[in-house]
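One structure is given here, and the rest of the page talks about it.
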Amino acid sequence: MADFSARRSNYDVTNAVEVSAPRQVADAVSEIYSALYPHASLKPLRRAFTDFDRLFRGEDPEFHGCDTEYHDLQHSLDVTLALARHIDGHERSHRPHARIGARRAAVGIITALYHDVGYLRSVRDRRHQHGAEYTLKHVTRGGNFLDDYLDTVGLGNEAPIVRRMIHFTGYEKDIRRLELGDEKYTRLGHLLGTADLTAQMADRCYLEKCRDRLYPEFVTGGMAKRTLPDGQVKVLYTSARDLLKKTPDFFSITLRDRLDGVFAGAHSYAAKHFGGENLYMEAVRRNLKHLDFVLRHNAWSLLRRQPPLYTAETLRKPSDCEHVATTIPFGLAARA
């Protein structure tokens with residue numbers, strides 16, 4: 001059994017990988033990928049991690065670095081590691097003809113790594129002052145980014161399908177109607193959406209991050225209240241505490257409609273990877289159990305963790321990934 005009490009705030013569910021360190025996550029993901037596909041090249045993944053690190057730190061001249069405190073560097077790395085583990089469980093659960101294969105797996109891992117890149121602002125953008133302002137369209141922006149970026153890692157032919165597949169991580173499109181035209185890519189999309197949901201809800205500091213970071217992003221991004229077509233304003237969350245009060249229902253609906261619904265129980269593949277225990281879902285339920293106690297006893301003081309923050313402003317130190325000298329030729333900046 002996992003010892004959740006010893007887990008550090010910036011580590012994964014095993015408490016073994018620092019998911020705020022791109023090189024550690026790159027190494028962990030590469031180890032999983034190489035074990036599954038020993039003849040596949042690691043160059044696309046290694047390049048993708050290096051470029052991701054530069055982008056989120058604000059070291060690319062085309063973009064401001066990450067400034068969203070909930071959707072920070074750690075979140076993206078955590079999701080990427082989670083996806084690699086779910087892919088591993090999937091591949092080891094199926095015969096060769098039913099596996100997604102090395103190329104799709106590489107595309108999925110890179111998509112996970114950049115699934116929230118749509119929050120990053122172009123330096124040419126004069127209208128937006130904070131990445132959270134893109135909340136309602138960040139997934140589409142991320143798809144546009146990958147449309148340009150995949151060429152740089154030799155996977156440009158996959159861009160049209162990735163523009164659609166990335167929407168399994170968001171709410172801009174009805175995922176029940178997403179048509180990818182490839183059964184294995186659709187399954188990969190289910191794994192991607194599953195990793196995004198379970199990794200963030202399994203975060204050791206998920207509850208504090210919802211209160212202190214996600215709610216302010218919702219306010220800035222127009223998610224706390226919405227203006228309906230008839231002009232009426234619908235208030236979704238009145239406060240950070242209200243967001244937490246509605247989190248149990250959010251999970252119940254997410255479990256029914258997404259994790260066990262559209263995604264067809266893809267979360268079970270994590271147990272295959274871990275040898276029987278689904279450490280992600282266990283951590284999610286542990287967080288929800290703690291939240292239930294807080295809500296029943298009005299014990300808000302128990303939410304006292306202060307996790308580190310990994311935005312460009314806090315990452316003003318040398319990168320732990322090897323840099324490439326060239327500027328990434330992205331087209332997203334022109335579309336912002």
Side-chain angles (χ1 to χ4, degrees), residues 4 7-15 17-20 25 29 52 56 66 68-86 108-109 111-119 131-132 135 138-139 142 166-172 175 189-218 221 223 237 240 243-244 246-255 257-260 262-263 266-267 269-270 278-291 303 305 307-311:
F4 291 105
R7 183 179 169 192
R8 291 161 286 185
S9 296
N10 58 333
Y11 276 70
D12 75 311
V13 291
T14 70
N15 199 34
V17 181
E18 186 180 356
V19 285
S20 57
V25 176
V29 169
F52 164 85
F56 274 64
C66 173
T68 46
E69 296 188 350
Y70 182 86
H71 296 95
D72 65 352
L73 175 139
Q74 177 178 326
H75 165 70
S76 292
L77 291 172
D78 205 358
V79 170
T80 304
L81 177 59
L83 177 62
R85 287 166 167 168
H86 281 80
I109 290 166
T111 303
L113 190 60
Y114 289 91
H115 79 282
D116 278 337
V117 73
Y119 283 109
T135 296
H138 79 278
V139 181
I166 194 174
H167 283 280
F168 283 114
T169 68
Y171 295 85
E172 294 174 28
I175 62 171
H190 297 165
L191 295 167
L192 173 65
T194 296
D196 183 30
L197 287 167
T198 58
Q200 64 183 295
M201 296 190 76
D203 188 303
R204 181 176 182 266
C205 302
Y206 173 67
L207 302 178
E208 287 88 351
K209 287 182 177 182
C210 282
R211 180 191 63 196
D212 302 332
R213 301 179 183 180
L214 184 59
Y215 178 71
E217 283 189 24
F218 277 1
M223 285 288 290
Y237 306 107
L243 173 64
L244 283 174
K246 292 174 178 175
T247 294
D249 284 342
F250 167 78
F251 176 72
S252 296
I253 294 170
T254 296
L255 182 63
D257 294 348
R258 291 201 169 210
L259 295 175
D260 284 339
V262 175
F263 300 158
H267 57 84
Y269 291 117
N278 189 334
L279 299 186
Y280 287 102
M281 293 300 284
E282 288 179 22
V284 171
R285 292 191 170 97
R286 183 181 178 88
N287 279 337
L288 291 172
K289 182 179 180 180
H290 185 52
L291 177 58
L303 301 184
R305 290 169 178 158
L309 181 61
Y310 298 97
T311 60

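Throughout, residue positions are numbered sequentially from 1 according to the sequence presented.
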Exercise. Phe263 versus Ile175: any side-chain heavy-atom pair under 4.5 Å?
Worked result: yes
Problem set entry | Spatial distance of atom CG (Asp212) from atom SG (Cys205) [nearest 0.5 Å] | 10.0 Å
For this session: Find out whether Leu113 and Leu83 are in side-chain contact, i.e. whether some heavy atom of one side chain is under 4.5 Å from a heavy atom of the other.
Result: no
Exercise. Considering only heavy atoms from C-beta outward, does the side chain of Glu172 approach that of His138 to under 4.5 Å?
Worked result: yes
Exercise. Do Arg213's NZ or CZ and the ring of Tyr310 fall within the cation-pi criteria of under 6.0 Å and 45°?
Worked result: no
Exercise. With no hydrogens and no angle check, is any side-chain donor or acceptor of Tyr114 less than 3.5 Å from a backbone partner on Phe52?
Worked result: yes
For this session: Would you check if Val262 and His190 make a side-chain contact, meaning some heavy-atom pair closer than 4.5 Å?
Result: yes
Exercise. Counting only N and O atoms by type, is there a donor-acceptor contact under 3.5 Å from the side chain of Arg7 to the main-chain atoms of Asp12?
Worked result: yes
Problem set entry | His86, Arg285, Arg85 screened by side-chain hydrogen bond (donor to acceptor under 3.5 Å, both in side chains) with Tyr280, the one that passes | Arg85
Problem set entry | Asn287 side chain reached by Met201 side chain, heavy atoms, under 4.5 Å | no
Problem set entry | Set of residues satisfying ring-ring contact (aromatic ring centres under 6.0 Å, His included) with respect to His71, sequence neighbours excluded | His75, Tyr119
Exercise. When you look at Lys209 and Leu214, which way does the side chain to side chain contact (heavy atoms under 4.5 Å, CB included) test go after all the steps?
Worked result: CA-CA 6 Å; Lys209 287 182 177 182; Leu214 184 59; over 6 Å; no
Exercise. Is Tyr70 close to Gln200 at the side-chain level, that is, under 4.5 Å between some pair of heavy atoms?
Worked result: yes
Exercise. Sequence neighbours excluded, which residues qualify as side chain to side chain donor-acceptor pair (under 3.5 Å) partners of Glu69?
Worked result: none
Exercise. Is the centre of the Tyr215 ring less than 6.0 Å from the centre of the Tyr237 ring?
Worked result: no
Problem set entry | Pairwise side-chain contact, Thr80 with Ile109, heavy-atom cut-off 4.5 Å (strictly under) | yes
For this session: Supply the atom-to-atom distance Thr194 OG1 to Asp260 CG, rounded to the nearest 0.5 angstrom.
Result: 9.0 Å
For this session: Please check if any side-chain donor atom of Thr169 sits under 3.5 Å from a side-chain acceptor atom of Asp196, or the reverse.
Result: no
Problem set entry | Backbone N/O of Leu303 and side chain of Arg211: donor-acceptor pair under 3.5 Å | yes
